[in-house]
Amino acid sequence: MHIIQSSGYQLELGSIVESSFIEKLKLFSNEKIVLFADEHTSEACVGFLISHYDQLSEAEVIVIPAGELSKTVEIVENIWEVLSDYQIGRHDLLINVGGGMITDMGGFIASCYKRGIQFINIPTSLLGMVDASIGGKTGVNLGHFKNQIGVFSYPIAVYIDPLFLLTLPEAELMSGYAELLKHGLISDVTLYKRVLEQMEDPASISMELLKDGIEIKNNVVTADPLEKGERKKLNFGHTFGHVIEGFYLGKKGVSHGWAVAIGMIFESYLSYKKGLLKFEDFQEIERDLLKWFKIPSFSDDDVQQMVDWLLNDKKNRSGKIQCCLLEGMGKCTFDHEISLNEAMEVFLHFKNQQINLN
Ligand SMILES: NC(=O)c1ccc[n+]([C@@H]2O[C@H](COP(=O)([O-])OP(=O)(O)OC[C@H]3O[C@@H](n4cnc5c(N)ncnc54)[C@H](O)[C@@H]3O)[C@@H](O)[C@H]2O)c1
């Protein structure tokens, strides 16, 4: 079991049955427990948990449709009503069992319900394990705008068990690798190369790589929990990534990680154009990422729409678009202002490399 030092909550990597999860459940032996999952993770993971822990045999289970389209204020409101119907009180516990969609949303539901109840994250996707379940960002989308409504709020514990990856579809596994590549590109080029190597044999992810990826995320968010400085680097690839993801919201096969991978190609190009990144480094990143993640085709109107949406990015200040850029492979800086023309130019540059997603 790897116990990863984090501020104020338990973060454990390894078999959940050997973790401190059982001890945590005992703290709630006189309270109500609610398991929150989507239709896939309810089938693949919740049953396993209930069968292994007697304490969960009486738990209520709330299941929502899988996919990013469920990450809405409306569904959150429905769930608050269900919690209220179950008479869940302030001392009760919510356990989020799922990928980033479920842990983001479940964290938000728990944090606002009755001014906050305690929650545990059990991430079941690779992306959830190395990124979304750690660091206290919770929230939901607002229309096409990603994660516009939310709060920073921490679980009491996060249990990361790679066993759950066995049922994760390969496309979702690759989505998680995209965020791991990002962890490498912003801070550790050796990790970036190890992730690329591992992607050749994606299903058998090494425990060491998982641990190193988790530690990068955990170290950054522990040092800067409210994203005042260094944590902004984790947004590399997300300025363009979020508008691309928002544009394709709900379309099958279009994952968060894929959109971030395309965003990383675009933002690496921008880094080169702004004189920060060597052309050879940009080319290497472009080649590495295009091997796994294809650029979708956009019409001129689509591009205009996405560029307009950039004006509503959460990182913007005084109406100016702010972007993270690379100054080398493994070195990222933040708060770079970009103009609408520059953003438009990025989309146009990749026009000849686009493929039709249908
Ligand atoms: N809070 C953060 O810091 C942060 C960071 C990165 C991403 N995110 C958010 O995370 C979300 C993306 O996370 P995701 O890629 O995990 O998406 P997701 O939660 O939608 O999961 C992807 C798919 O995999 C399925 N799945 C998950 N675990 C499974 C398992 N063990 N077996 C079978 N199927 C399984 C889900 O049902 C879903 O269909 C986005 O909403 C993104 O905004 C948040």
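Heavy atoms only: backbone and side chains are in, while hydrogens, waters and symmetry mates are out. Each ligand, and each atom within it, is numbered from 1 in the order the structure gives. Quick caveat, the model's predicted, so the values are computed rather than measured.
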Review point. Which protein residues have a heavy atom closer than 4.0 Å to any atom of ligand 1, listed by chain and number?
Key: Asp38, His40, Thr41, Ala44, Cys45, Ala66, Glu68, Lys71, Gly99, Gly100, Met101, Asp104, Thr124, Ser125, Leu127, Asp131, Ala132, Lys137, Lys146, Asn147, Phe164, Thr167, Leu168, Pro169, Glu172, Glu179, Lys217, His256
Check your understanding: Leu168 and Leu180: same hydrophobic cluster, using ILVMFWY side-chain contacts below 4.5 Å?
Key -> yes
Practice item. Might you confirm whether atom CD of Glu43 has over 12 heavy atoms from other residues, nucleotides or ligands at distances under 6.0 Å? Key: no
Exercise for review: Would you confirm whether the ring centroid of Phe350 sits within less than 6.0 angstrom of the ring centroid of Phe298?
Suggested key: no
Check your understanding: Got more than 12 heavy atoms from elsewhere within 6.0 Å of CD, Glu200?
Key -> yes
Check your understanding: Once the angle between the rings of Trp309 and Phe247 is folded into 0 to 90°, is it parallel (under 30°), tilted (30 to 60°) or perpendicular (over 60°)?
Key -> tilted
Review point. Rounded to the nearest 0.5 Å, what separation is found between the CG atom of Asn218 and the CG atom of Leu11?
Key: 5.0 Å
